[in-house]
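Quick caveat, the model's predicted, so the values are computed rather than measured.
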Amino acid sequence: MTFFDEIGRTLADRGREAAQRAKGVAEVLQMKGQISAENSKVKELYGAIGALYFKKHREDPDDEYQMFFPEIEKTLVHIAELEARVREVEGTYCCGSCGSPLRKDDMFCSKCGMPVAKEEEFSQEEETTSAVVSASEGVEKETDDIFVNEDSE
């Protein structure tokens, strides 16, 4: 009987050790998840700072980061062009009042409520220009959203 008692104790000990290891692994994974969330928050805040800086200093020719601004502007224009192409493929266009996307069959803008004039067909160039303005305004809105979300948490 002592042989079976010995095996029983050994199995119980191993089971407790395995449970302790599993608990430790779960705790480590939970902390790594928290670290990842905090790192994401820091990256988001860095982005907000950069967007605010860009908005404030984009016209300053003596700014030490001026070398990056043309690339940002070029990227914003490219994003606006891609968004215009997406709208074209999806069959949507922009509200003349607020710039929100509209579908061809919309009678009113869902964001600002303005009536949609059906005879107002935007050319690709006008729509891209409008989208570029929206994209640069989006930098401001995006940073505002980040700070609003940060305050509300």
Within a reach of under 6.0 Å around CD of Glu27, are more than 12 heavy atoms found that belong to other residues, nucleotides or ligands?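 No.
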Counting only heavy atoms from other residues, nucleotides and ligands, does the tally under 6.0 Å from CZ of Arg14 exceed 12?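 No - once you tally the heavy atoms of other residues, nucleotides and ligands closer than 6.0 Å, there are 12 at most.
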Is it true that a side-chain atom of Asp106 and a backbone atom of Phe108 form a donor plus acceptor pair closer than 3.5 Å?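 Answer holds: no.
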Any donor-acceptor pair under 3.5 Å from Ser40 side chain to Ser36 backbone: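 Here the side-chain-to-backbone pair exists.
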[atom1] of [X] to [atom2] of [Y]: how many Å apart, nearest 0.5 Å?
X	Y	atom1	atom2	answer
Arg21	Arg16	CZ	CZ	13.0 Å
Cys98	Met114	SG	CE	9.5 Å
Leu29	Lys32	CG	NZ	7.0 Å
Lys41	Leu45	NZ	CG	8.0 Å
Ile35	Gln30	CD1	CD	11.0 Å

Taking C-beta and beyond as the side chain, do [X] and [Y] meet within less than 4.5 Å on heavy atoms?
X	Y	result
Met107	Val116	no
Arg58	Gln66	no
Ser100	Ser110	no

Thr10 vs Glu6, side chain to side chain contact (heavy atoms under 4.5 Å, CB included): CA-CA, chis, key distance, verdict: CA-CA 6 Å; Thr10 303; Glu6 184 74 27; 4.3 Å; yes
Checking salt bridge (Lys or Arg N to Asp or Glu O under 4.0 Å) for the pair Glu90/Arg87: CA distance, chi angles, key distance, verdict? CA-CA 5 Å; Glu90 289 179 337; Arg87 282 192 302 278; over 6 Å; no
In one Ile/Leu/Val/Met/Phe/Trp/Tyr side-chain cluster, 4.5 Å: [X], [Y]:
X	Y	value
Val86	Leu82	no
Phe3	Leu11	yes
Phe68	Leu76	yes

For His57, which of Asp63, Leu52, Asp62 qualifies under side chain to side chain contact (heavy atoms under 4.5 Å, CB included)?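 Exactly one pass, corresponding to Asp63.
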Salt bridge Arg85-Glu88, side-chain N to carboxylate O under 4.0 Å: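 A salt bridge is absent here (no side-chain N lies under 4.0 Å from a carboxylate O).
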Shortest non-hydrogen separation from Glu64 to Met67 and the atoms involved: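 Heavy-atom minimum between the residues: O-CE, 3.9 Å.
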Take the angle between the ring planes of Tyr53 and Phe69 and call it parallel below 30°, perpendicular above 60°, tilted in between.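 Tyr53 and Phe69: tilted rings.
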